[in-house]
There are 2 protein chains.
Amino acid sequence: MARRPGRTRPSAGATISDVAEAAGVSRATVSRVMNGRPTVSPEIAARVRQVVEELGYNPSRVAQSLSLGKTLTVGVIVPDLGNPTFQQILHGVNQAAATAGYRVLVADSAESAQDEPPLVEDVRRRTDAVIVCSPRMRTDELEALLPRVQPAVLINRDEPLPATRVVVDSASGVASMCRHLIRLGHRRILHLDGPIGSNAQAARMRGLTLIAEENPDIELLRMPGGSSMDAGYEAFDAVMSTGATAVLGFNDLVSLGLLGAARERGVVVPDELSVAGFDDIPFARFSTPPLTTMSVDLEAVGEAAWRALEDRLRSVVDADLRVFTPALVQRASVGLAP
Amino acid sequence: MARRPGRTRPSAGATISDVAEAAGVSRATVSRVMNGRPTVSPEIAARVRQVVEELGYNPSRVAQSLSLGKTLTVGVIVPDLGNPTFQQILHGVNQAAATAGYRVLVADSAESAQDEPPLVEDVRRRTDAVIVCSPRMRTDELEALLPRVQPAVLINRDEPLPATRVVVDSASGVASMCRHLIRLGHRRILHLDGPIGSNAQAARMRGLTLIAEENPDIELLRMPGGSSMDAGYEAFDAVMSTGATAVLGFNDLVSLGLLGAARERGVVVPDELSVAGFDDIPFARFSTPPLTTMSVDLEAVGEAAWRALEDRLRSVVDADLRVFTPALVQRASVGLAP
DNA sequence: CTGAAAGCGCTTACAG
DNA sequence: CTGAAAGCGCTTACAG
């Protein structure tokens, strides 16, 4: 026999067998009633329903999953659940998945590229599919992993890979912002770089290169910055010393740091210096002055990832690419060149 | 027979039977090898491992869950995944649960009190336990639900209930802030109320009542406000008309709105008016001036909820209460009474 | 050290 | 309309 030692269902719930016995029917019949199949006589169905009520019977989803071969659950793996970007994407995925009757299992790799592959595999084994958000692992590792975890959707990974991808076109984002600055008369524009080697920073550089080619007469400067408010704050003096009339932070946090330093130094934004951000985080609207930035609807990104997965679950599509283009949000931190 | 129509495992993975057959051993032996049981001869174990490698075998977590009677998954139900408060709590739960080898299934009730009970039940059926965060449902509904979903932990629900609860003591939080203001010489203090009927607003009122009793000489005013930045912004003129020297927003957003309006009106904070917040959201540090507020470590709240659940899973404890007391964070938006 | 067998709690094709 | 039976993919007590 295989009776377990103590382990039973924690809340000691009734099983389908309990209901069948109490109602004097077979388990098949109970199953049919629970699933609303019409081929059950009304009297029997009523009796079963009453027993279900009395016993507080609730079918085990685990058993259903095993029997049906699907869990109605999708995994979402992010590098850091504390990061608002991933929180918004998660929210978008969850909303869309819930509408389709799916639940979301989350996992956080704590920014560890090394832990990612086994984590994704583990999550996939408990779910029907995975959405991998901004994976930090190398491309070759990702290529080795993908066949083991399909159906899978990748968010924010720019290389071509054998999976559906949802990406934000940051390159065209910076380019848009630069064109806006140029239209306002800025001729010397500075970009504060983000983490070297990051996917986002690579995209920014592609955008800047594009602008440089389009506008040979514009001075496009770059300087190491970072991705935090402090990084922006500390870079301020160096920024001013370049003589640029407009500065583009790697993200909104950096630009908010610049704004704080400008206020302390008595530099008037945007009269003396235009400051542009990237991301449109919720607080960008409330800084002094409000931040002009590039906006991406991250919840829509999460929703698109879910839609892509839905298509894959129905095997409508094999691998494709869905691109989100950031939109310029004009507020008060950017103005005409002095 | 019960062969399914098309339905097989989506990624067509190998099963334990495939491995057993290929390695020429029983499924029991494969299981032992996979679980690192020492009672397998080294040669056989090595052969099994090689086949596992060749076939890319990965045990089904669903089957394991059914067999073992546990999923190693915990459910977290929140009213709104887009709310930073719940995002931080979720992050804390996830970190602590991951350390213990558990995964987190999230669900969002979209602020619908009505949808909560069935949602919690559904989540519970797929997991070993649930953490229900700031449930919106009525107390009697919660009482009816709890026995069906144990083990369960409740976050931010102030009534005594048959479950372990983790609560933030907002009442003592407002009281602390009021005492701080009184020490600074403020004699007329205004509280901008939040959503009427909310758990948090009720707690605020308890705190204010306590202060009124302690300090009969202090004028403690109240006024309808709200929970958003706009609410704070719009209440500003009314706030000024009360002649209060210090105002306490329902939360940081409200207070940030007040700060914005003060700047526009040329009212100097804190010289002419002290503005205090509640929550210590990440941006409270970066407003102008930085916001004095009551801080709660929400990730620690999430972590505590997990710990409480761990105790319940080991049935160490039946029901208890873990209280977090907000801490005063002094920044520059509060000063001596004029 | 190893395997045959029973069991976890469901679903459904098949045969009345 | 209903039930007996097989199966989903694992684990483990029991008996060698």
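Below, read A as the first sequence line, B as the second, and so on, with proteins coming before strands; counting in each chain starts at 1. Worth saying up front: this structure is predicted, and the values here are computed from it rather than measured.
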Work out how far the C1' atom of D/dG16 is from that of D/dT12, and round it to whole angstrom. 16 Å
Across all strands shown, which nucleotide pairs with D/dC14 by Watson-Crick or G-U wobble geometry, both distances under 3.5 Å? C/dG3
Once you apply a heavy-atom cut-off of 4.0 Å, does B/Val25 come out as touching a base, just sugar-phosphate, or nothing? sugar-phosphate
Nearest-Å distance, CZ (A/Arg32) to P (C/dT11)? 11 Å
Which part of the nucleic acid, if any, lies within reach of A/Ser41 when heavy atoms closer than 4.0 Å are counted: base, sugar-phosphate only, or nothing? sugar-phosphate
Mind calculating the distance between CG (B/Asn35) and P (D/dA13) to the nearest angstrom? 12 Å
Report the distance from atom CD of B/Gln64 to atom P of D/dC8, rounded to the nearest whole Å. 17 Å
Interatomic distance, A/Leu66 CG vs D/dA6 P [rounded to whole Å]: 18 Å
How about A/Glu111: does its CD atom have over 12 heavy atoms from other parts shown lying under 6.0 Å from it? yes
Which nucleotide, C/dT11, D/dT11, C/dG3, lies nearest any side-chain atom of A/Leu68? C/dT11
Comparing B/Pro42 with B/Ala63, nearest DNA chain C nucleotide closer to 5' gives the residue B/Pro42
Verdict with supporting geometry, A/Leu55 and A/Asp18, side chain to side chain contact (heavy atoms under 4.5 Å, CB included): CA-CA 8 Å; A/Leu55 269 50; A/Asp18 299 331; 4.1 Å; yes
Selected nucleotide, minimal atom distance to B/Ser60 side chain, candidates D/dG3, D/dG9, D/dT11: D/dG9
Let's see if you can work this out: which of D/dC10, D/dT2, C/dT11 has an atom nearest to the side-chain heavy atoms of A/Thr29? D/dT2
Regarding D/dG9, can its base be found pairing with the side chain of B/Arg61 as donor and acceptor, where the two atoms are less than 3.5 Å apart? no
Just by distance, with hydrogens left out, do B/Ser112 and B/Ser109 show a side-chain donor and acceptor under 3.5 Å apart? no
Euclidean distance, A/Gln50 CD relative to A/Glu54 CD, rounded to 0.5 Å: 4.5 Å
Within this structure, what is the CZ-to-C1' distance between B/Arg47 and C/dC1, rounded to whole angstrom? 13 Å
Determine whether a donor-acceptor pair (one donor, one acceptor, N or O, separation below 3.5 Å) exists between the side chain of B/Ser67 and the base of C/dG7. yes
Roughly, in whole Å, what's the span from CD in A/Glu21 to P in D/dG3? 14 Å
To the nearest 0.5 Å, what is the distance between CZ (B/Arg165) and CG (B/Asp320)? 9.5 Å
Separation of atom CZ in A/Arg37 from atom P in C/dC10, rounded to whole Å: 15 Å
Send over the distance from B/Arg27 CZ to C/dA4 C1', rounded to a whole Å. 10 Å
